[in-house]
Protein chains: 2
Amino acid sequence: MARAVQKRTLETRARLVAAAEKVISEVGYDGLRVEQVVQRAGVAKGTFFAHFPDKDALMDLLMGARMDAILDEVGHRPPPRSTAELVDSLMPLLRFMTCERYVFDVILRHSGAAARSEIGPIAMNFGRQIDLLADKLTNGPFRSDIDSGLLAEGVQAFAVQAMALVFCALHNETDLRARLTVYLDAWLMPPR
Amino acid sequence: MARAVQKRTLETRARLVAAAEKVISEVGYDGLRVEQVVQRAGVAKGTFFAHFPDKDALMDLLMGARMDAILDEVGHRPPPRSTAELVDSLMPLLRFMTCERYVFDVILRHSGAAARSEIGPIAMNFGRQIDLLADKLTNGPFRSDIDSGLLAEGVQAFAVQAMALVFCALHNETDLRARLTVYLDAWLMPPR
DNA sequence: ATTTTATATTGACCGCGGTCAATTATTGAG
DNA sequence: CTCAATAATTGACCGCGGTCAATATAAAAT
């Protein structure tokens with residue numbers, strides 16, 4: 001029979017996560033080195049990989065947590081009454097997802113809307129986004145010929161498309177907002 | 001004044017590309033190792049990086065070439081008269097883009113590349129896709145309230161969304177086709 | 001032909017993610 | 001408490017992408 005998790009294990013893991021967050025606050029996600037994390041946490045390199053299958057898994061955890069926090073806050077707002085309001089409510093999330101090129105890459109890779117069989121924190125968050133969006137989009141001023149789940153998936157697809165353009169040198173956040181608005185107007189409010 | 005490119009340079013580059021294609025045909029894109037490519041090409045490792053900024057650049061080149069070839073063939077067909085036909089004509093491209101998870105990752109990473117000056121083959125191909133799609137979608141049986149360029153961008157966004165789901169363990173190609181059809185019906189033919 | 005300059009190639013070396021056999025700590029059973 | 005079983009930790013080591021000062025080769029200048 002399986003033994004209980006040792007207290008030590010939880011402490012080590014917590015120290016690793018704390019150290020990682022500290023490192024990220026100093027050098028960004030892209031600048032994080034596992035070597036430096038374990039040094040700060042006061043453990044050996046192997047210990048890191050006993051707690052996380054790979055570096056990506058740590059990133060998944062940390063980014064997923066950030067995204068969940070943002071979603072929690074956004075979730076409380078009243079349903080949007082226009083695509084502009086919808087885009088506004090999405091912006092905090094999109095801003096984080098595009099804060100670094102590396103962040104966007106990792107998120108895409110783990111979105112499950114992008115490419116993983118096992119469901120991690122980021123994939124879970126993408127699922128939450130769909131649920132939340134679907135909820136907010138029902139009974140709004142938007143098209144009602146298709147179900148709100150499909151509507152939500154479309155919003156996500158267009159959001160990804162719009163974010164990808166942020167990393168084309170010439171675009172900035174204003175473009176992101178404007179472009180997404182154009183997409184969502186066409187997607188959510190076709191002429192009836 | 002700039003000197004002409006040496007014949008030797010072109011030969012070396014050609015040998016590297018040929019070797020890479022051979023390796024890929026044996027072990028797939030994901031299995032390619034630079035070490036093995038240079039060994040086959042009969043050059044030193046450093047030579048590879050004198051010809052390509054990094055491994056990704058080689059992948060960009062090879063995958064972009066494949067995608068261009070596929071697009072060339074698909075481009076000749078008559079314009080689709082339904083979303084089903086449109087999806088059919090997209091399938092060869094989507095099939096290649098999802099042939100390996102690694103391939104899809106690389107393509108996503110390069111699809112909206114960095115600076116205009118350093119736009120690569122894959123990014124170019126994504127541009128071609130938009131142009132070709134926009135062309136085929138004009139004067140078709142699809143919605144005409146928005147311009148065909150926007151229409152095409154939406155198709156691309158939904159195609160990416162649909163492809164991403166291929167890598168969630170439970171989905172297969174049938175799902176890709178079916179899912180994309182649902183998306184594009186909603187996008188291209190909203191009830192008027 | 002010889003020197004000078006630009007370009008191509010080389011391979012030892014580095015950084016960093018990830019592995020694993022050996023070691024140490026924890027726990028439950030007698 | 002002792003001891004065997006299990007779990008956690010360690011750090012030397014590996015694979016592989018990428019760098020760079022040294023070297024070799026080609027092309028232009030004399």
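Just so we're on the same page: letters track the sequence lines, and every chain starts at 1. All of these numbers come straight from a predicted model, not from anything done at the bench. Reckoned from all heavy atoms, side chains included, excluding hydrogens, waters and symmetry mates.
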Notebook entry, point to check: In the hydrophobic clustering that connects Ile, Leu, Val, Met, Phe, Trp and Tyr at side-chain heavy-atom distances below 4.5 Å, which members other than Val5(B) occupy its cluster, ordered by chain and number?
Noted result: Leu10(B)

Next item on the list: Figure out the NZ/C1' separation between Lys7(B) and dT7(C), and round it to whole Å.
Entry: 16 Å

Notebook entry, point to check: So what does Leu32(B) touch, heavy atoms closer than 4.0 Å: a base, only the sugar-phosphate, or nothing?
Noted result: sugar-phosphate

Next item on the list: Mark yes or no: Arg101(B) above the aromatic ring of Phe167(B), with NZ or CZ under 6.0 Å from the six-membered ring centre and no more than 45 degrees from the axis.
Entry: no

Notebook entry, point to check: Any idea which heavy atoms bring Asp56(A) and Tyr102(A) closest together, and the distance?
Noted result: OD1-OH, 4.4 Å

Notebook entry, point to check: For dA8(D), does OP1 or OP2 lie under 4.0 Å from any side-chain N or O of His51(A)?
Noted result: no

Next item on the list: Could you check which of dT9(C), dG17(D), dT10(D) has an atom nearest any side-chain atom of Ala50(B)?
Entry: dT9(C)

Between protein and nucleic acid, restricted to nucleotides 28-30 of chain D and to nitrogen or oxygen atoms under 3.5 Å apart, what atom pairs and distances do you find?
{"unit_1": "dA28(D)", "atom_1": "O4'", "unit_2": "Arg3(B)", "atom_2": "NH2", "d": "3.2"}

Check: Rounded to whole angstrom units, what separation is found between the CZ atom of Arg13(A) and the P atom of dA7(D)?
Finding: 17 Å

Next item on the list: Might you point out which heavy atoms bring Leu150(B) and Ala186(A) nearest each other, and give the distance in Å?
Entry: CD2-CB, 4.2 Å

Show me the donor-acceptor pairs, under 3.5 Å and distance only, between side chains in residues 130-141 of chain B and residues at least two apart or in other chains.
{"unit_1": "Lys136(B)", "atom_1": "NZ", "unit_2": "Gly75(B)", "atom_2": "O", "d": "3.0"}
{"unit_1": "Lys136(B)", "atom_1": "NZ", "unit_2": "Arg77(B)", "atom_2": "O", "d": "2.5"}
{"unit_1": "Thr138(B)", "atom_1": "OG1", "unit_2": "Asp135(B)", "atom_2": "O", "d": "2.7"}

Next item on the list: With DNA chain D as reference, determine whether Val43(A) or Glu35(B) sits nearer its 5' end, using the nearest nucleotide of each.
Entry: Val43(A)

Next item on the list: Send over the distance from Asp30(A) CG to dC16(C) C1', rounded to a whole Å.
Entry: 13 Å

Next item on the list: Mark yes when over 12 heavy atoms from residues, nucleotides or ligands other than Met91(A) sit less than 6.0 Å from its CE; otherwise mark no.
Entry: yes

Notebook entry, point to check: Per the salt bridge (charged side-chain N to carboxylate O under 4.0 Å, His left out) rule, which among Glu21(B), Glu35(B), Glu26(B) passes with Arg40(B)?
Noted result: Glu26(B)

Notebook entry, point to check: Could you run down nucleotides 18-25 of chain D 5' to 3' and tag each one B, S or - for protein heavy-atom contact under 4.0 Å?
Noted result: BBB----S

Donor-acceptor pairs are to be reported for all side-chain atoms of residues 93-100 of chain B against protein atoms at under 3.5 Å, with residues two or more places apart or in another chain.
{"unit_1": "Arg95(B)", "atom_1": "NH1", "unit_2": "Glu173(B)", "atom_2": "OE2", "d": "2.9"}
{"unit_1": "Thr98(B)", "atom_1": "OG1", "unit_2": "Leu94(B)", "atom_2": "O", "d": "2.7"}
{"unit_1": "Thr98(B)", "atom_1": "OG1", "unit_2": "Arg95(B)", "atom_2": "O", "d": "3.4"}
{"unit_1": "Glu100(B)", "atom_1": "OE1", "unit_2": "Asp30(B)", "atom_2": "N", "d": "2.9"}
{"unit_1": "Glu100(B)", "atom_1": "OE2", "unit_2": "Tyr29(B)", "atom_2": "N", "d": "2.9"}

Margin query: Without decimals, in angstroms, what is the distance between Tyr29(B) OH and dG17(D) C1'?
Written below: 20 Å

Notebook entry, point to check: What class does the angle between the rings of Trp187(A) and Phe158(A) fall in, given that below 30° is parallel, 30 to 60° is tilted and above 60° is perpendicular?
Noted result: tilted

Check: Phosphate oxygens OP1/OP2 of dT7(C): is one of them under 4.0 Å from a side-chain N or O of Thr9(B)?
Finding: no

Note to self: Counting Watson-Crick and G-U wobble pairs with both distances under 3.5 Å, what is the dot-bracket string for DNA chain C, 5' to 3', using [ ] for crossing pairs and | for pairs to another strand?
What the structure shows: ||||||||||||||||||||||||||||||

